[in-house]
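All heavy atoms count here, side chains included; hydrogens, waters and symmetry mates do not. Only a predicted model underlies this, so the values are computations on that prediction, with no experimental measurement involved.
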Amino acid sequence: MGKQRFLIVLLALVLTGCATKQYPQAAAVTPEESATLNCSALDQELVKAHSVQSDIEQTGQFDALTVLGFVGDFGLGNGIAKYNASQKAERRLTQLQSLKAAKCSQRLS
């Protein structure tokens, strides 16, 4: 019985070590993107940025990995991963919106 208990505990530790969810990551707007994206491309990138935010929310929903993550580190790993992914997605969205305002508002005048 002692060997089985050890293997179960070892398996649980291995599973909790892998329990951090993989959130989509959004890169910051690069100088090259700033220079080359036109209004139509910016609209497409804004749709993609909103999609990444939606994917982050869906990934953050409660599931088995949430339970394993909580057992391993009280959910801190998943919470930090979600926060970082959300911050990056929000930063990209803000950058794209600012770029669109700068490039595309001139066309409306």
(request) Please report the closest heavy-atom contact between K103 and S34, naming both atoms and the distance. (result)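 Taking K103 first and S34 second, the nearest heavy atoms are NZ-O, 2.7 Å.
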(request) For P24 and A85, work out which heavy atoms get closest and say how close. (result) O-CB, 3.5 Å
(request) Start with the C-alpha gap between Q97 and L46, add the side-chain angles, then the distance that decides, and say whether side chain to side chain contact (heavy atoms under 4.5 Å, CB included) holds. (result) CA-CA 7 Å; Q97 289 169 334; L46 285 165; 3.7 Å; yes
(message) Tell me if a side-chain donor or acceptor on K82 pairs with a main-chain N or O of T59 at a distance below 3.5 Å.
(response)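 No, because the side chain of K82 does not come within donor-acceptor range (under 3.5 Å) of the backbone of T59.
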(request) Report the residues that fulfil salt bridge (Lys or Arg N to Asp or Glu O under 4.0 Å) with K100, sequence neighbours left out, ordered by chain and then residue number. (result) D43
(request) First locate atom OG1 of T94, then atom CG of L99, and finally report the distance between them rounded to the nearest 0.5 Å. (result)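 If we round to the nearest 0.5 Å, T94:OG1 and L99:CG are 12.5 Å apart.
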Atom pairs and distances, side-chain donor-acceptor, residues 48-57, under 3.5 Å, sequence neighbours left out:
residue: K48; atom: NZ; partner: E45; partner atom: OE2; Å: 3.3
residue: Q53; atom: NE2; partner: E90; partner atom: OE1; Å: 3.0

(request) Return the set of residues passing side chain to side chain donor-acceptor pair (under 3.5 Å) with Q25 (not counting sequence neighbours), or none when no residue passes. (result)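 K88.
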